[in-house]
Amino acid sequence: MDVSNIASLATSMAQQRNDMDVSVTVLKKALDMQGSSALALIESVAKTSSAALPAHLGNHINTKA
């Protein structure tokens with residue numbers, strides 16, 4: 001194996017590692033965004049459902065239907 005092949009292999013491996021690091025970073029950011037969006041959705045449902053419905057609704061389940 002000559003020196004140019006070794007240098008080429010090292011460059012290729014470094015590029016692959018860099019690509020993997022970028023992919024992981026993008027995935028982490030996407031997961032963070034999804035988490036914050038889900039939390040905002042849950043909070044908005046909790047606020048609207050407790051304020052919009054009377055207290056007696058949702059206390060009983062009709063099992064004969």
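Heavy-atom basis, side chains included; hydrogens, waters and symmetry copies ignored. Remember, it's a predicted structure, so these values are computed and weren't measured experimentally.
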Donor-acceptor pair, side chain of Thr11 and main chain of Ala7, under 3.5 angstrom: yes

Can you sort out the partners of Gln15 under side chain to side chain donor-acceptor pair (under 3.5 Å), two or more places apart, ordered by chain and number? Asp19

What's the spacing between Ser44 OG and Leu39 CG if we round to 0.5 Å? 10.0 Å

Just jot down the side chain to side chain donor-acceptor pair (under 3.5 Å) partners of Asn18, sequence neighbours excluded, or say none. none

Show the atom names and distances, to 0.1 Å, of all donor-acceptor pairs under 3.5 Å that link a side chain in residues 24-38 to residues at least two apart or in another chain.
residue: Thr25; atom: OG1; partner: Asp21; partner atom: O; Å: 2.9
residue: Ser36; atom: OG; partner: Asp32; partner atom: O; Å: 3.3
residue: Ser36; atom: OG; partner: Met33; partner atom: O; Å: 3.0
residue: Ser37; atom: OG; partner: Met33; partner atom: O; Å: 3.0

Partners of Ser4 by side chain to side chain donor-acceptor pair (under 3.5 Å), sequence neighbours excluded? Asp2

Linked hydrophobic residues, Ile61 as query - side chain contacts closer than 4.5 Å: none

Rounded to the nearest 0.5 Å, the CE atom of Met13 sits from the CD atom of Gln16 at a distance of 7.5 Å

